[in-house]
Amino acid sequence: MITAKFFGAVFLVTGGYLGGRACRAEYRTRLKTIRTLITSLARIRAEITLRLTPLPELITSECAFTDGRVQAFYREVSRLYDEDGSFQASWDDAIDRLRTSAEERGILSSLGTVLGRYDAHAQEEALRYAEDSLARCAEAAENDLKLRGMLMSRLLPGIALAAAILLW
């Protein structure tokens, strides 16, 4: 009987620990995604303003320069654009799959209404605005990682340990 209780307690504490780590990893991934988006949008802005590269070609080339969720986002935009031919619809559909906060999706959605529709100067301004807005989101995400990530990585194992003690 003591052996079963011991293993139950170990499983509870281990589950709490792993849950806390998974929560903190999600905060890290969100921060990395935002930073990658900022870098990518800066590259797109430079290409649009300096070389006047067509947007579909830019989106395809960004797949090679990004990774993780952002790379999947650009691949999805490219795939949907090839199927549909509408950049705005492809951009909006891919944003839904990016798994970011509502604020970040709103920033990207408003950017998508400008990209490919207006002149290079208007696109450059929209990209700068999106970069600045995402930079503020990155600061908030960094604070979330420091505060909430740390809290969850310590709170969940503590709750699991308390539950194991109570059930003992």
Side-chain angles (χ1 to χ4, degrees), residues 17-156:
Y17 172 76
L18 293 176
R21 293 207 27 124
C23 186
R24 188 174 172 120
E26 185 59 34
Y27 283 115
R28 262 194 213 106
T29 302
R30 177 176 172 240
L31 180 60
K32 181 181 177 189
T33 299
I34 295 170
R35 287 181 176 162
T36 305
L37 276 169
I38 293 168
T39 304
S40 173
L41 293 178
R43 249 191 324 269
I44 289 173
R45 180 174 42 82
E47 286 288 324
I48 286 176
T49 56
L50 300 176
R51 294 185 46 206
L52 301 174
T53 307
L55 201 53
E57 183 181 322
L58 272 175
I59 297 302
T60 304
S61 71
E62 278 305 302
C63 291
F65 294 114
T66 57
D67 61 353
R69 292 180 180 176
V70 179
Q71 183 181 51
F73 167 70
Y74 286 128
R75 281 188 179 152
E76 188 68 12
V77 170
S78 183
R79 184 187 67 78
L80 291 170
Y81 181 74
D82 289 343
E83 289 176 4
D84 189 17
S86 168
F87 182 78
Q88 177 65 40
S90 303
W91 184 267
D92 284 339
D93 288 345
I95 287 172
D96 292 337
R97 295 183 178 101
L98 192 54
R99 290 184 12 192
T100 57
S101 73
E103 181 182 3
E104 294 144 18
R105 285 192 304 269
I107 292 166
L108 291 172
S109 182
S110 64
L111 175 63
T113 60
V114 176
L115 288 179
R117 289 186 173 198
Y118 298 99
D119 64 343
H121 179 70
Q123 292 182 63
E124 177 185 10
E125 290 302 313
L127 284 161
R128 278 190 201 280
Y129 177 75
E131 289 170 41
D132 293 342
S133 299
L134 287 172
R136 286 190 295 280
C137 291
E139 288 176 16
E142 192 166 357
N143 288 336
D144 283 348
L145 174 62
K146 287 179 184 172
L147 298 175
R148 292 181 182 162
M150 185 66 70
L151 176 70
M152 294 306 278
S153 68
R154 294 199 174 138
L155 185 64
L156 288 177

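Note that the numbering runs from 1 along the sequence shown for the chain.
Between atom CD1 of residue Ile38 and atom CG of residue Asp132 there is a gap of 9.0 Å, rounded to the nearest 0.5 Å. Within the model, atoms CD of Gln71 and CZ of Arg75 stand 4.0 Å from one another, a figure rounded to the nearest 0.5 Å. Interatomic distance, CG of Leu58 versus OG of Ser40, reported as 9.0 Å (0.5 Å rounding).
The two atoms that bring Ala122 and Val114 nearest to each other are O-CG1, 3.8 Å, heavy atoms only. The minimum heavy-atom distance between Val77 and Ala94, with the atom names listed, is CG2-CB, 3.3 Å. Taking every heavy atom of both residues into account, Ile95 and Ser109 meet most closely at CD1-N, 3.5 Å. Pairing each heavy atom of Ser78 with each of Thr60, the nearest pair is OG-OG1, 3.5 Å. The nearest pair of heavy atoms linking Ser133 to Ile107 is CB-CD1, 3.4 Å.
In this structure, Arg136 does not pair ionically with Glu103, as no charged nitrogen and carboxylate oxygen lie closer than 4.0 Å. We find that Glu124 and Arg128 are joined by a salt bridge, their nearest charged nitrogen and carboxylate oxygen being less than 4.0 Å apart. Salt-bridge check for Glu47 with Arg43: failed, with every basic side-chain N at 4.0 Å or more from each acidic carboxylate O.
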* Kindly determine whether Ser110 and Tyr129 satisfy side-chain hydrogen bond (donor to acceptor under 3.5 Å, both in side chains), including the steps that lead there. => CA-CA 10 Å; Ser110 64; Tyr129 177 75; over 6 Å; no
* Asked: Given the rule in the side-chain contact (heavy atoms from CB on, under 4.5 Å) test, do Thr66 and Tyr74 qualify, once you have shown the distances and angles that lead to the verdict?
  -> CA-CA 9 Å; Thr66 57; Tyr74 286 128; 4.0 Å; yes
* **Derivation of the side-chain contact (heavy atoms from CB on, under 4.5 Å) call for Leu41 and Leu111** => CA-CA 10 Å; Leu41 293 178; Leu111 175 63; 3.7 Å; yes
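Thr29 is listed as a side-chain neighbour of Arg69, based on a closest heavy-atom distance under 4.5 Å. Counting only heavy atoms from C-beta outward, the side chains of Leu127 and Leu115 approach each other to under 4.5 Å. When side chains are defined from C-beta on, Ile34 does not count as touching Thr100, because their heavy atoms never get closer than 4.5 Å. Looking only at side-chain heavy atoms (C-beta outward), Leu37 and Leu108 come within less than 4.5 Å of each other. Proximity of Asp67 to Lys32: side-chain heavy atoms (C-beta onward) are separated by under 4.5 Å at one or more points. Counting heavy atoms from C-beta on, the side chains of Glu104 and Leu134 come closer than 4.5 Å.
Evaluation of the ring-ring contact (aromatic ring centres under 6.0 Å, His included) test over residues 89-116, restricted to residues two or more places apart or in two chains, returns Phe73-Trp91, Phe87-Trp91.
Every side chain to side chain contact (heavy atoms under 4.5 Å, CB included) that Ala42 has, sequence neighbours left out, goes to Arg45, Glu131.
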